[in-house]
*Asks:* 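Starting off with a structure, shown below.
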Amino acid sequence: RVHLGMLATLLDENGLHSPIVVENVSKDGLLIQSERRLAIRQRYSLVSIYEEPVPVEVVWSRGRFAGAIFKDEVPVLK
């Protein structure tokens with residue numbers, strides 16, 4: 001697990017952008033903080049420092065925090 005505090009955006013299937021903070025990331029998923037409550041089982045594209053958007057799915061949500069899993073292989077940070 002790597003602690004980041006990185007600003008990013010979640011893009012949903014309707015094109016809605018939600019600013020988030022990626023608190024930490026592991027090989028399987030990430031902990032995010034959002035002003036907007038995120039729905040469980042909702043899929044998003046994580047737009048950040050990666051070369052391309054990364055598909056993620058929210059698996060839990062509590063208040064401003066949510067946990068998500070990566071739906072595809074994650075590019076390695078350079």
Side-chain angles (χ1 to χ4, degrees):
R1 179 177 300 162
V2 177
H3 298 279
L4 293 177
M6 177 183 75
L7 298 176
T9 300
L10 290 179
L11 178 63
D12 73 12
E13 59 200 21
N14 298 317
L16 178 65
H17 291 259
S18 298
I20 62 166
V21 176
V22 178
E23 295 293 345
N24 65 53
V25 64
S26 69
K27 67 179 182 69
D28 296 316
L30 59 157
L31 173 66
I32 56 181
Q33 186 177 161
S34 173
E35 292 290 324
R36 201 179 113 219
R37 189 166 186 88
L38 301 173
I40 296 171
R41 290 187 290 283
Q42 177 69 43
R43 290 188 178 203
Y44 296 93
S45 291
L46 174 66
V47 181
S48 65
I49 61 173
Y50 296 114
E51 292 179 15
E52 295 186 22
V54 176
V56 298
E57 181 178 333
V58 173
V59 293
W60 65 266
S61 180
R62 187 177 316 124
R64 296 176 61 175
F65 291 91
I69 58 172
F70 296 112
K71 297 307 287 181
D72 287 336
E73 188 173 322
V74 180
V76 178
L77 292 175
K78 297 179 181 177

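Starting from 1, each residue takes its place in the sequence as its number.
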*Asks:* Side-chain contact, heavy-atom cut-off 4.5 Å: Ile20 with Thr9?
*Replies:* no

*Asks:* Can you tell me how far CE of Met6 sits from CG of Leu46, rounded to the nearest 0.5 angstrom?
*Replies:* 6.0 Å

*Asks:* Could you list the residues that satisfy salt bridge (Lys or Arg N to Asp or Glu O under 4.0 Å) with Arg64, not counting sequence neighbours?
*Replies:* Glu35

*Asks:* Can you name the residues that form a side-chain contact (heavy atoms from CB on, under 4.5 Å) with Pro19, not counting sequence neighbours?
*Replies:* none

*Asks:* Is Trp60 isolated, or which residues cluster with it under the ILVMFWY side-chain rule of less than 4.5 Å, directly or via members?
*Replies:* Leu31, Val59, Phe65, Ile69

*Asks:* Which side-chain N or O atoms in residues 36-44 pair as donor and acceptor under 3.5 Å with protein atoms at least two apart or in another chain?
*Replies:*
residue, atom, partner, partner atom, Å
Arg36, NH1, Ser18, OG, 2.2
Arg43, NE, Glu57, OE1, 3.4

*Asks:* Would you give the length of the straight line joining atom CD of Gln33 to atom CG of Leu7, rounded to the nearest 0.5 angstrom?
*Replies:* 10.5 Å

*Asks:* Using modelled atom types and a 3.5 Å cut-off, is there a donor and acceptor pairing between side-chain atoms of Asn14 and backbone atoms of Leu16?
*Replies:* no

*Asks:* Applying side-chain contact (heavy atoms from CB on, under 4.5 Å), run through Ile32 and Leu10 and close with a yes or a no.
*Replies:* CA-CA 10 Å; Ile32 56 181; Leu10 290 179; 3.8 Å; yes

